[in-house]
Amino acid sequence: MTATTDPSSATAEAADAVVGADAADGAVRSARALHAPVVDWFAAHARDLPWRRPEAGAWGVMASEFMLQQTPVNRVLPVYEEWLERWPRPADLAAEAPGEAVRAWGRLGYPRRALRLHAAARAIAERHGGEVPSEHAQLLALPGVGEYTAAAVVSFAYGQRHAVLDTNVRRVFARAVSGQQFPPNATTAAERRLARALLPDDDATASRWAAATMELGALVCTARGPQCGRCPIAEQCAWQLAGAPAHEGPARRGQSYAGTDRQVRGRLLAVLRASKDPVPQSDLDQVWHEPVQRARALDGLVSDGLVEPLEGGRYRLPLT
DNA sequence: AAAACGTGGGG
DNA sequence: TCCCCAAGTTT
């Protein structure tokens, strides 16, 4: 275990962040008091996910993070296994046609992620000697890698001390520290500051803390129906202490789907994925009744590089 | 900075 | 049933 009790600059910074986040709460809790319970809870309750096993490597971690962007763990699992078996290293994927990545992506959703993971693999093969970079800035420069994914890779794959702020962690901090039921709609500077302030001092503990807070949010401190009875820090949770007040601020605007271009794109791509050979326009025309929207959706897929138009009005997943 | 971007499961 | 949500990124 680590020194969870000695004071440090990080503690003072955390205190400031906490006060800043909730000035009404006069009792400044020690950030350090959260580390041990959460990390110990993680040691006892963490799921055995394939990308957490040592053999996953940085490439496995990175691939899993792409797949997990907005897609639940259970749906990712089978695709991840096939993907890593087929393309065990970045160079293996880089050697493939991008369309094969899109096909293997299956129904995970947001297929541009498949294209970006493929492009990232090519960048890694060309610019990084086939090794997933271990610097946050270099990762951030890769297609499809944003602030969260870069942080996840350096933390989970390389064991670095880096704040990892995903939707789960944001919710845990919002409740446990800020006393709010939900975090703001968009990640704020205050949240980043708080996440940095709460980070344990040493790399190993910081890395575990990142994974642990994420897992706590995913399994216990969930968006709906949180299981506070099973939470290791329920006694210190600012939201609980405040009587679990309902969320104030603006509600998150839901995403509509039925009837949108996204739905049409999804149907078009499903047809293309299913066929190894080029598909005639007439087959694509079956998926949507409205010709204007249908054409717009197809154009969008082409301009996104997800679909390749051929001579004679035929289409296929991209070869190059 | 708001909006686009897929898909399916659970409350 | 319907709505909400899921390890975000890009433009």
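Every value quoted in this text rests on a predicted model; they were computed, and no experiment measured them. Chain letters run A, B, ... following the sequence lines, proteins first and then strands; every chain starts at 1.
- Residue contacts shown for A:Gly146 are limited to sugar-phosphate atoms, with no base heavy atom under 4.0 Å away.
- One side chain, A:Gln255 or A:Arg262, offers a donor N or O that lies under 3.5 Å from an acceptor on the other.
- At C:dA7, none of the side-chain N or O atoms of A:Gln69 fall inside 4.0 Å of OP1 or OP2 (strictly under the cut-off).
- Regarding A:Arg273, its CZ atom lies at a distance of 10 Å from the P atom of B:dG6, rounded to whole Å.
- The phosphate of C:dA6 (OP1 or OP2) has a side-chain N or O of A:Arg171 nearer than 4.0 angstrom.
- Counting distance only, with no hydrogens placed and no angle test, the side-chain atoms of A:Arg262 and the base atoms of B:dT7 include no donor-acceptor pair under 3.5 Å.
- Looking at heavy-atom distances under 4.0 Å, A:Val145 makes contact with sugar-phosphate atoms alone, never a base.
- Heavy atoms of A:Arg47 sit under 4.0 angstrom from at least one base atom.
- For the residue pair A:Arg113 and A:Thr71, a side-chain donor N or O sits within less than 3.5 Å of a side-chain acceptor on the partner.
- Contact annotation: A:Arg265 side-chain N/O to B:dG6 OP1/OP2 distance is under 4.0 Å.
- Side-chain atoms of A:Trp239 and A:Gln181 form no donor-acceptor pair, as typed in the model, at a separation below 3.5 Å.
- Atom CG of A:Leu77 is separated from atom C1' of C:dA7 by 13 Å (rounded to the nearest Å).
- Among the protein residues, A:Gln263 comes within range of no part of the nucleic acid, since none of its heavy atoms lies under 4.0 Å from any strand.
- Heavy atoms of A:Thr167 sit under 4.0 angstrom from primed sugar atoms or phosphate atoms, though from no base atom.
- When the nucleotides B:dC5, B:dG6, B:dG9 are ranked by their closest atom to the side chain of A:Asp261, B:dC5 comes out on top.
- At a threshold of 4.0 angstrom between heavy atoms, the contacts of A:Leu269 with the nucleic acid are absent.
- Within the nucleic acid shown, A:Arg116 comes within 4.0 Å of sugar-phosphate atoms alone, with no base atom in reach, counting heavy atoms only.
- At a threshold of 4.0 angstrom between heavy atoms, the contacts of A:Trp51 include nucleobase atoms, whether or not backbone atoms are also involved.
- OP1 or OP2 of C:dT9 has at least one side-chain nitrogen or oxygen of A:Thr149 nearer than 4.0 Å.
- Aromatic ring pairs are classed by plane angle as parallel below 30°, tilted from 30° to 60° and perpendicular above 60°; the pair A:His136 and A:His162 is parallel.
- A:Leu49 comes within 4.0 angstrom of a base, heavy atoms only.
- Here A:Trp105 and A:Trp83 bring their ring centres to under 6.0 angstrom of each other.
- As rounded to whole Å, 12 Å separates atom P of C:dA7 from atom CZ of A:Arg113.
- Remark: A:Tyr148 is not in phosphate contact with C:dT9, judged by side-chain N or O atoms under 4.0 Å from OP1 or OP2.
- Put simply, CD on A:Glu65 is 9 Å from P on C:dG8, counting in whole angstrom units.
- Between A:Asn74 atom CG and B:dG10 atom C1' the separation is 12 Å, expressed in whole Å.
- A:Thr222 and A:Gln227 share no donor-acceptor pair across their side chains, judged by distance under 3.5 Å alone.
- Here the separation of C:dA7 from B:dA3, taken at their P atoms, is 23 Å to the nearest Å.
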